[in-house]
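Everything below concerns the one structure shown next.
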Amino acid sequence: MAPTISTSTGKVQRLYLWDWEVLITLPKDQKFDESKEPFYVLDLGLLISLINDWARALPMIQPYYYVKCNPNTALLGAMAALSSNFDCSSRAEIESVLALGVSPNRIIFANPCKAESHIKYAATVGVNLTTFDSMAEVDKIRKWHPKSALLIRIKVVDDSAARSPLSSKCGAFPAEILPLLQAAHAAHLDVVGVSFHIGSGRSDAGAYHVAVAAAKAVFDAAVRLGMPKMKVLNIGGGFTAGVHFEAAATAVKEAIEKHFSGEEGVSIMAEPGRLFAERVFTLATNIIGKRVRGDFREYWITDGIYGSMNCIVNDHAVLTCTPLATTSNPQDPTCGNAELYKSTVFGPTRDAFDTISDAYWLPDLKVGDWLLFPNMGSYTSATGSSFSGFSTSAISTHLAYFIP
């Protein structure tokens, strides 16, 4: 372990994880080895790289980061500094973004069904772009925020194959679109564009061709109804990093070129969440219990299914882990040469459902060692609970940068 640096408020200790240097702030007189609580590491260098990938692949599309994916304050602050806009689903999310000094014109209130009090709040703070997909929403917006510009959210593709389908709850069916446009026009509301979402974590990039074509049909229908010409296309989210993003970007550009190349003055936005959040967070958990049964090992760690690992259930995530043996083998902390044993890893609660995996192959670790879980930024801490007194919201985040 590297030496600590004393400060007026405590100590900053350098902890080396893989190729990162992580600066961990500890209270006075506390050593890192005494701090066994789980923590996140946010890789700012990777976040910048992902944003640069977006700007390179889709320069014509403004990203609005999907706050509900991970509302971590450090992540939101970094996204704001890197010129991202924001997709918010509630008053609380709007408040958290505005608290960073973000202008309200960089926020879309993209929940198509909002509580009246949240609509009133948006009107008060000047968040003037929202979505709708029902007659009831038209009526609420007419009453409480008539100055807001609207995007009609449409259901255009079968997203049952997506990692997280959304269309069963959000989006107007094709037969509902014209009546909704007519109702909004009659209410003197400004419908400025169309919004859709093909489903979160979807690998079928061809769905964008269908969705963009359907959105263009709505643009044309609005003109036939005598409405002002639409000017905003929101292609939603569903992006993941890596080869899937490259395929999706190609499909999006082809679809926009085919259907919107003749449309002047149309701005295009998107709502990526998983793309930016998933890979930039690593979770460090401490081993607090161990049991040996023959050739099998069982470990208990400081986070689990009711906390960050809820993504296994709610987001169909498949988690991997890497051992960091700070006590059992300080000469080889990553256990690269150690014999492996089939291992079960449990979360900290007494509930048997709190089982992260029964199929990991791990070295013979000790209580006090660590397990590191990569790719833990998407629908993890955001959807965890405080079940049995283990609070996901209490998990701290530390910022990291890459060491060449």
Side chain of [X], backbone of [Y]: donor and acceptor closer than 3.5 Å?
| X | Y | result |
| --- | --- | --- |
| His188 | Pro146 | no |
| Lys147 | Asn128 | no |
| Lys36 | Ile288 | no |
| Glu137 | Lys114 | yes |
| Arg106 | Ala80 | yes |

Closest heavy-atom pair and its distance - [X], [Y]:
| X | Y | result |
| --- | --- | --- |
| Gly384 | Asn310 | N-ND2, 3.4 Å |
| Asn111 | Thr131 | C-OG1, 3.5 Å |
| Phe373 | Ile356 | CE2-CG2, 4.3 Å |
| Asp87 | Tyr66 | OD2-CD1, 3.1 Å |

Would you sort out whether Asp303 and Thr285 count as a side chain to side chain donor-acceptor pair (under 3.5 Å), showing the intermediate values?
-> CA-CA 6 Å; Asp303 200 0; Thr285 63; over 6 Å; no
Aromatic plane relationship, [Y] with [X] - under 30° parallel, 30 to 60° tilted, over 60° perpendicular:
| X | Y | answer |
| --- | --- | --- |
| Phe239 | Tyr208 | parallel |
| Phe346 | Trp300 | tilted |
| Tyr306 | Phe353 | perpendicular |

Phe219 ring center near Phe260 ring center (under 6.0 Å) = yes
For the residue pair Ser308 and Met376, establish whether any side-chain heavy-atom pair is separated by less than 4.5 Å.
-> yes
Please examine the side chains of Asn70 and Ser381, heavy atoms only from C-beta on, and report whether any two atoms are closer than 4.5 Å.
->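 Yes, at least one pair of side-chain atoms sits under 4.5 Å.
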Taking 4.0 angstrom as the limit, do Glu176 and Lys155 come out as a salt bridge?
-> no
For the pair Lys169 and Asp133, find out whether any cationic side-chain nitrogen is under 4.0 Å from an anionic carboxylate oxygen.
->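 Salt bridge between Lys169 and Asp133, a charged N being under 4.0 Å from a carboxylate O: no.
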Take Lys216 and Asp220 through the test salt bridge (Lys or Arg N to Asp or Glu O under 4.0 Å) and record every step on the way to the result.
-> CA-CA 6 Å; Lys216 179 58 165 61; Asp220 296 339; 2.8 Å; yes
How about Arg350: does its CZ atom have over 12 heavy atoms from other parts shown lying under 6.0 Å from it?
->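 12 or below, so no.
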